[in-house]
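Worksheet: one structure, shown below.
Here the structure is a predicted model, which means the values were calculated and not measured. Hydrogens, waters and symmetry mates play no part in the numbers below; they use all other heavy atoms, side chains included.
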Amino acid sequence: MASAATDVRAIFDRIAGRYDTANRVMSAGLDVLWRRRAMRLLLDGLDPSPWVLDLGAGTLDGAVEILRQRPSAQVVAADFTRAMLVAGRRKPGAALVALHAADSHRLPYRDGAFLAAFSGFCVRNLRDPALGLAELRRVVRPGGRLVLLEFFRPARPRPFWDGLVTNRLMPLLGWAASGDRAAYRYLPESIRRFDTRGDFEARLRAAGFATVRGQDLFPGGIASLVEAR
Ligand SMILES: C[S@@+](CC[C@H](N)C(=O)[O-])C[C@H]1O[C@@H](n2cnc3c(N)ncnc32)[C@H](O)[C@@H]1O
């Protein structure tokens, strides 16, 4: 979770042009597979032409994957860092995505505007996650679904993954790929300050999602996928 003192928008504004490279290097390309898997879960059995929100869409990797899997979807990508959306807009398929500069704490959409919503690695950055989830609940139609990818604080110590990978290797690779040391120091710090997956699933239930299912992703459960309906 972002501390009150952290200027999250300024961090993503600085790294927007190098964000994708840093992601691929830090995850060894696994982030692409994680999004594919998330979108299969999001779109499975859904209406042929659903309205889908990608919240904290960043450089649009999630939004274009939704369209790759479901070309007839109406995809809206919302993010409060314009530079991230701009960095993604030349990707194949991105021209079909509606880009909105919007803050997750106050979404400019009517109640039930979307049949489905995805959010990748965004909710951990929110100043007030409960408010962000209440907004997501409000804009996703009853009977709709939400799928999130996130790095959660581990429920039990994982000396190898946390001591070496999350706290050292990922910030180092992120720094090398982006040239921005502070941005990639913020990554493990935000994970340490955030919920465990169990805490977060309880938040989703409190926000009004009746069915919540989470799973840890390979390798080491370093990232997780959570589905809520
Ligand atoms: C780690 S990036 C993830 C981008 C993309 N979803 C992905 O999977 O690569 C987090 C994104 O969330 C956005 N973000 C953080 N807090 C936000 C907020 N309060 N409202 C809207 N976007 C926010 C940031 O600007 C950034 O683009």
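- Taking Leu173 as the reference, Val25, Met26, Leu169 meet the side chain to side chain contact (heavy atoms under 4.5 Å, CB included) condition, with sequence neighbours excluded.
- Partners of Val75 by side chain to side chain contact (heavy atoms under 4.5 Å, CB included), not counting sequence neighbours, listed by chain and number: Ala63, Ile66, Leu67, Ala73, Val97.
- The neighbour count for Arg213 CZ, taken as heavy atoms of other residues, nucleotides or ligands under 6.0 Å away, does not exceed 12.
- At most 12 heavy atoms of other shown residues, nucleotides or ligands fall within 6.0 angstrom of atom CZ in Arg168.
- Grouping Ile, Leu, Val, Met, Phe, Trp and Tyr residues whose side-chain heavy atoms lie under 4.5 Å apart, directly or via other members, places Leu172 in a hydrophobic cluster with Trp175.
- Under the 4.0 Å criterion applied to side-chain N and carboxylate O atoms, Arg158 and Asp162 are assigned as salt-bridge partners.
- Shown here are the side chain to side chain donor-acceptor pair (under 3.5 Å) partners of Arg68, two or more places apart in sequence or in another chain: Glu65.
- Comment: Arg185 does not engage Glu189 in a salt bridge, judged by the lack of any side-chain N to carboxylate O separation of less than 4.0 angstrom.
- Taking Ile, Leu, Val, Met, Phe, Trp and Tyr as members and joining any whose side-chain heavy atoms lie under 4.5 Å apart, directly or through other members, Phe218 forms no hydrophobic cluster with any other residue.
- Distance alone, capped at 3.5 Å, places no donor-acceptor pair between the Asp47 side chain and the Pro50 backbone.
- Every residue meeting the side chain to side chain donor-acceptor pair (under 3.5 Å) condition with Tyr109, not counting sequence neighbours, appears here in chain and number order: His100.
- Applying the ring-ring contact (aromatic ring centres under 6.0 Å, His included) test to residues at least two apart or on different chains, the pairs with a partner in residues 119-139 are Phe121-Phe151.
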Enumerate donor-acceptor pairs with a distance under 3.5 Å from any side-chain N or O in residues 76-87 to protein atoms, sequence neighbours excluded.
{"residue": "Asp79", "atom": "OD1", "partner": "Thr81", "partner atom": "N", "Å": "2.8"}
{"residue": "Asp79", "atom": "OD2", "partner": "Ala57", "partner atom": "N", "Å": "3.3"}
{"residue": "Asp79", "atom": "OD2", "partner": "Gly58", "partner atom": "N", "Å": "2.8"}

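- Annotation: side chain to side chain contact (heavy atoms under 4.5 Å, CB included) contacts of Ala176 (sequence neighbours excluded): none.
- Between the side chain of Glu150 and the backbone N or O of Ser224, no donor-acceptor pair lies under 3.5 Å.
- Listed by chain and number, the residues in a side chain to side chain contact (heavy atoms under 4.5 Å, CB included) with Ala182 are Arg14, Asp180 (sequence neighbours excluded).
- A salt bridge links Glu227 with Arg229: the distance from a Lys NZ or Arg NE/NH1/NH2 to an Asp or Glu carboxylate oxygen falls below 4.0 Å.
- Atom CH2 of Trp51 has 12 or fewer neighbouring heavy atoms from other residues, nucleotides or ligands inside a 6.0 Å radius.
- For the pair Arg137 and Phe209, the cation sits on the ring face: its NZ or CZ lies under 6.0 Å from the ring centre, inside 45° of the axis.
- Arg153 places a side-chain N or O within 3.5 Å of a backbone atom of Phe194 that can act as its donor or acceptor partner.
- Applying the salt bridge (Lys or Arg N to Asp or Glu O under 4.0 Å) definition to pairs two or more places apart or across chains, those involving residues 103-113 are Asp111-Arg138.
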Which atom pairs, one a donor and one an acceptor, fall under 3.5 Å between side chains of residues 141-148 and the rest of the protein, sequence neighbours left out?
{"residue": "Arg145", "atom": "NH1", "partner": "Leu41", "partner atom": "O", "Å": "3.2"}
{"residue": "Arg145", "atom": "NH1", "partner": "Leu42", "partner atom": "O", "Å": "3.0"}
{"residue": "Arg145", "atom": "NH1", "partner": "Asp44", "partner atom": "O", "Å": "2.7"}
{"residue": "Arg145", "atom": "NH2", "partner": "Asp44", "partner atom": "O", "Å": "3.2"}

